[in-house]
There are 2 protein chains.
Amino acid sequence: MSTRTPEAEPLLTPAEVATMFRVDPKTVTRWAKAGKLTSIRTLGGHRRYRETEVRALLAGIPNQRSE
Amino acid sequence: MSTRTPEAEPLLTPAEVATMFRVDPKTVTRWAKAGKLTSIRTLGGHRRYRETEVRALLAGIPNQRSE
DNA sequence: TACCAGTGGGGTAATTAGGGGC
DNA sequence: AGTGTCCTAATTACCCCACTGG
């Protein structure tokens with residue numbers, strides 16, 4: 001087995017996102033609730049975040065907000 | 001094209017499903033035990049999962065379980 | 001037959017969700 | 001309005017060893 005890679009996009013755990021932003025994991029959860037961050041849920045209810053989105057936000061790309 | 005393809009449904013290994021959800025393979029096993037995920041067993045007892053179901057779950061479609 | 005990464009099974013520690021209050 | 005902290009319950013991660021898949 002080797003060429004079996006079912007298109008999986010890289011995801012991050014709440015703790016990883018929190019570390020990258022230097023905030024509390026709870027704050028990341030609030031961002032997700034507020035719709036500022038896309039969240040994907042595990043079957044147990046835990047959140048996972050898109051790495052590409054997080055890095056784009058970290059890079060200074062504003063969150064489509066012009067006012 | 002192939003002339004004879006015996007109802008081959010794409011299946012995923014626990015490790016593949018775990019990668020897609022960014023969880024531990026053991027966690028996928030717990031989902032199967034809890035009935036949150038359809039599991040197909042090999043003759044040796046190892047689990048395999050339906051790729052279509054996994055993708056649907058990742059996309060946010062709730063599990064269609066009776067009620 | 002043997003090899004070996006992956007898996008199943010248990011147990012136990014670490015994260016996370018959620019609400020509440022500062 | 002936004003963040004950090006405290007709390008409990010639920011979920012997940014990491015540890016072991018034995019067996020399966022190819």
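Numbers restart at 1 for each chain; the letters A, B, ... are given by sequence-line order, proteins then strands.
For A:R47, no side-chain nitrogen or oxygen approaches OP1 or OP2 of C:dT16 to under 4.0 Å. Between C:dT7 and B:T13, a contact under 4.0 Å exists linking OP1 or OP2 to a side-chain N or O. Taking 4.0 angstrom as the limit, A:T27 places none of its side-chain polar atoms (N or O) nearer than this to OP1 or OP2 of D:dT3. Within the 4.0 Å cut-off from OP1 or OP2 of D:dT3, at least one side-chain nitrogen or oxygen of A:W31 is found.
A donor-acceptor contact under 3.5 Å links the side chain of B:R30 to the base of D:dA13.
For the atom pair CG of B:L37 and CG of B:L57, the computed distance is 6.5 Å after rounding to the nearest 0.5 Å. Between the CG atom of B:L58 and the CZ atom of A:R48 there is a distance of 11.5 Å, given to the nearest 0.5 Å. Atom OG1 of B:T42 and atom CZ of B:R47 lie 10.0 Å apart (nearest 0.5 Å).
Applying the salt bridge (Lys or Arg N to Asp or Glu O under 4.0 Å) test to A:R30 and every residue at least two apart in sequence or in another chain returns nothing. Remark: A:T38 pairs with A:E53 by the side chain to side chain donor-acceptor pair (under 3.5 Å) rule, at least two apart or across chains. Residues passing the side chain to side chain donor-acceptor pair (under 3.5 Å) test with B:R50 are B:E9, sequence neighbours excluded.
Between B:K36 atom NZ and D:dA10 atom P there is a gap of 12 Å when expressed in whole angstrom units. Taking atom CG of B:D24 as the reference point, atom P of C:dG6 lies 13 Å away to the nearest angstrom. Distance, B:H46 NE2 to C:dG9 C1': 11 Å, rounded to whole Å. One interatomic measurement links the two molecules: CG of B:L11 to P of D:dG22, which rounds to 11 Å at whole-angstrom precision. When the C1' atom of D:dT12 is taken as reference, atom CD of A:E16 falls 13 Å away, rounded to whole Å. Atom pair A:L43:CG and C:dA17:P shows a separation of 14 Å (rounding to whole Å applied). Computed from coordinates, the B:R22 CZ to C:dT15 P distance equals 13 Å when rounded to whole Å. Between A:L37 atom CG and C:dA17 atom P the separation is 12 Å, expressed in whole Å.
In DNA chain D, consecutive stretches of 3 or more Watson-Crick or G-U wobble pairs with both distances under 3.5 Å are given as paired ranges: C:3-19 with D:6-22.
In the set C:dG6, C:dT15, D:dA13, the nucleotide with an atom closest to the side chain of A:R48 is D:dA13.
Applying the ring pair (Phe, Tyr, Trp, His ring centres under 6.0 Å) rule to pairs touching residues 8-49 of chain B yields B:F21-B:W31, sequence neighbours excluded.
In this structure, A:A32 and A:S39 approach most closely via the heavy-atom pair CB-CB, 4.0 Å. The minimum heavy-atom distance between B:D24 and B:A18, with the atom names listed, is C-CB, 3.9 Å.
Side-chain contact between A:E16 and B:R22 is present, with heavy atoms from C-beta onward closer than 4.5 Å.
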Which pairs, protein N/O on one side and nucleotides 15-17 of chain D N/O on the other, fall under 3.5 Å?
none

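Residue A:P14 is the one, among A:P14 and A:K33, whose nearest nucleotide of DNA chain C lies closer to the 5' end (criterion: closest heavy atom).
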